[in-house]
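Structure record follows, encoded as structure tokens.
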Amino acid sequence: MLQINTIKEKTNEVIERLNIKNFKNADQHIKDVLEIDKRRREVQQKADDLLAEGNKIAKEIGVLMAKGLKDEAEKIKAKTAELKQESKNFLDKLSDIERQLEAKMVLLPNLPHASVGKGFGADDNEVVHQEGELPKLSEGAVPHWDLCAKYDIVDFELGNKITGAGFPVYKGKGARLQRALIDFFLDKGVEAGYLEVQPPLMVNADSGYGTGQLPDKDGQMYHMPLDDLYMIPTAEVPVTNLYRNMILSQKDLPIRNVAYSACFRREAGSYGKDVRGLNRLHQFDKVEIVNIAHPEKSYEILEEMKDYVASLVRALGLPFRILRLCGGDMSFASALTYDFEVWSAAQERWLEVSSVSNFESFQSNRMKCRFKNDDGKTQLVHTLNGSAMALPRIVAALLENNQTPEGIVVPDVLRGYTRFDVID
């Protein structure tokens, strides 16, 4: 959540940057926020004045009682009762105004970094890096969904029978390949200095609010009303919330975590060729990296995370490119995001496999995650996260790009995990 002081002190800049994210009616929304905040401060001041007056009268009563002037003390006691009631009325009004302000503030997305350009979607993103030769497949090459059926490694129809579309069943060498990728990504994360954690797959509403999924992505999350719990869309949510309502020590920053989890997304409104096979699922596996960082170091750490994810894709031998997202394609909570895409040879298109983002203080302000600086003052941390990596489209690209007439060749770095060289 944005900080109200930032909105008050940099109003025009805030509006300009909200417009880069294509936030509708930014001018009016910010005007409403400032008007509500002004009323909040006025009511707060009146409540404070009444409290001060009541305290002053209470002291006078004590002095009169000490002097034995009981009758005079009783006369002004009635005034204190009136002040208490009036103060309560103002405090009730203050609570209502604060709820109004909160309702307006939570609708505001994070401000994009100065390097983020204006745009409306994927076509406006900037390619900042590309490497790897695009593979040329032999005649008769097919997309991954046909390969899954041919080698009986992923069964989409069986998943549809037991759950529904978007919940595949991995079998045999397909299941082994999934497990191999998870272990490979986790091991690489630990080698890079990340502490492995295994988080819950369900979170409460406070956790969803803390990282910005709620209320923004309420309709995209699987919700269990009886328990008021949400299935996680990514391990980012539970892992980042490990530090909710904490004051950390500056010497402990950055805090680095890596976690594997299943992820659950409703993907409402998704349809067409882009959702076929493993391209878009309701349940999928992903390894996530999370950083809790000093504000002065967060963009340096973002670049380190970008380079780290690049090393994973490179190790798998997949051609890839990195994009800096435009304002219109960024998430609600992100200040700057790099997307990674790998080349799908059989589909002849790029598939997104990772997003690496800096949220600056947007999430930490919601979560009340702070640290004590050198002066002993509390300050909001910056939070960052990245997919390292999401499995479905990685698997799709590996199957398609490495298919041969003799079978699908497993990358060298995975063979110690899979314990086989070829899917045949």
How far apart are the closest heavy atoms of [X] and [Y], and which atoms are they?
X: I408; Y: L398; result: CG2-O, 4.0 Å
X: A346; Y: V142; result: CB-O, 3.3 Å
X: H223; Y: P225; result: O-CD, 3.3 Å
X: V290; Y: N385; result: CG2-CB, 4.1 Å

Which value, rounded to the nearest 0.5 Å, describes the distance between [X] atom [atom1] and [Y] atom [atom2]?
X: E157; Y: K161; atom1: CD; atom2: NZ; answer: 11.0 Å
X: L50; Y: N89; atom1: CG; atom2: CG; answer: 9.5 Å
X: L384; Y: I292; atom1: CG; atom2: CD1; answer: 8.0 Å

(message) Is there a side chain to side chain contact (heavy atoms under 4.5 Å, CB included) between L318 and N401? Walk through the geometry before answering.
(response) CA-CA 8 Å; L318 293 172; N401 295 7; 3.7 Å; yes
Do other residues, nucleotides or ligands put more than 12 heavy atoms under 6.0 Å from the [atom1] atom of [X]?
X: D252; atom1: CG; result: yes
X: M202; atom1: CE; result: no
X: K118; atom1: NZ; result: yes
X: E42; atom1: CD; result: yes

Donor + acceptor pair across side chains of [X], [Y] (<3.5 Å):
X: D48; Y: Q44; result: yes
X: N257; Y: Y243; result: yes
X: Y417; Y: D187; result: yes
X: N110; Y: E360; result: no
X: Y194; Y: N291; result: yes
X: S249; Y: K372; result: no

Do [Y] and [X] meet the salt-bridge criterion of a basic N to acidic O distance under 4.0 Å?
X: K88; Y: D92; answer: yes
X: R179; Y: D183; answer: no
X: K38; Y: E35; answer: no
X: K46; Y: D49; answer: no

(request) Would you indicate whether the side-chain heavy atoms of V116 and L336 approach each other to under 4.5 Å? (result)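 A side-chain contact exists here, since the closest heavy-atom pair is under 4.5 Å.
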(message) Using side-chain heavy atoms (C-beta onward) and a distance below 4.5 Å, is F167 in contact with L281?
(response)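 With C-beta onward as the side chain, the pair stays apart.
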(request) Would you please indicate yes or no on a ring centroid separation below 6.0 angstrom for F359 and H382? (result)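 Between H382 and F359, the centre distance exceeds or equals 6.0 Å.
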(message) Please tell me whether F264 and Y230 form a close aromatic pair, meaning their ring centres lie under 6.0 Å apart.
(response)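 They do not qualify: ring centres at least 6.0 Å apart.
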(request) Might you work through the side chain to side chain donor-acceptor pair (under 3.5 Å) test for S207 and R244, ending with a clear yes or no? (result) CA-CA 8 Å; S207 295; R244 177 156 46 91; 3.0 Å; yes
(request) List the steps, then state whether side chain to side chain donor-acceptor pair (under 3.5 Å) holds for S334 with T337. (result) CA-CA 7 Å; S334 174; T337 294; 2.6 Å; yes
(message) Does the structure place the NZ or CZ of K306 under 6.0 Å from the centre of the six-membered ring of Y338, at an angle of no more than 45° from the ring's axis?
(response)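 Yes - K306 lies over the ring of Y338, closer than 6.0 Å to its centre and within 45° of its axis.
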(request) Kindly indicate, with the supporting measurements, whether the criterion side chain to side chain contact (heavy atoms under 4.5 Å, CB included) is fulfilled by F156 and C148. (result) CA-CA 9 Å; F156 298 101; C148 289; 4.2 Å; yes
(message) Give me each pair satisfying salt bridge (charged side-chain N to carboxylate O under 4.0 Å, His left out) with a member in residues 307-325, each pair once, sequence neighbours excluded.
(response)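 Every salt bridge (charged side-chain N to carboxylate O under 4.0 Å, His left out) pair that includes a residue of residues 307-325, provided the two are not neighbours, is E126-R324, E131-R314, R321-E341.
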(request) Quick one: sort the Y299 and H113 rings into parallel, tilted or perpendicular, breaks at 30° and 60°. (result)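 If you compare the ring of Y299 with that of H113, the planes turn out tilted.
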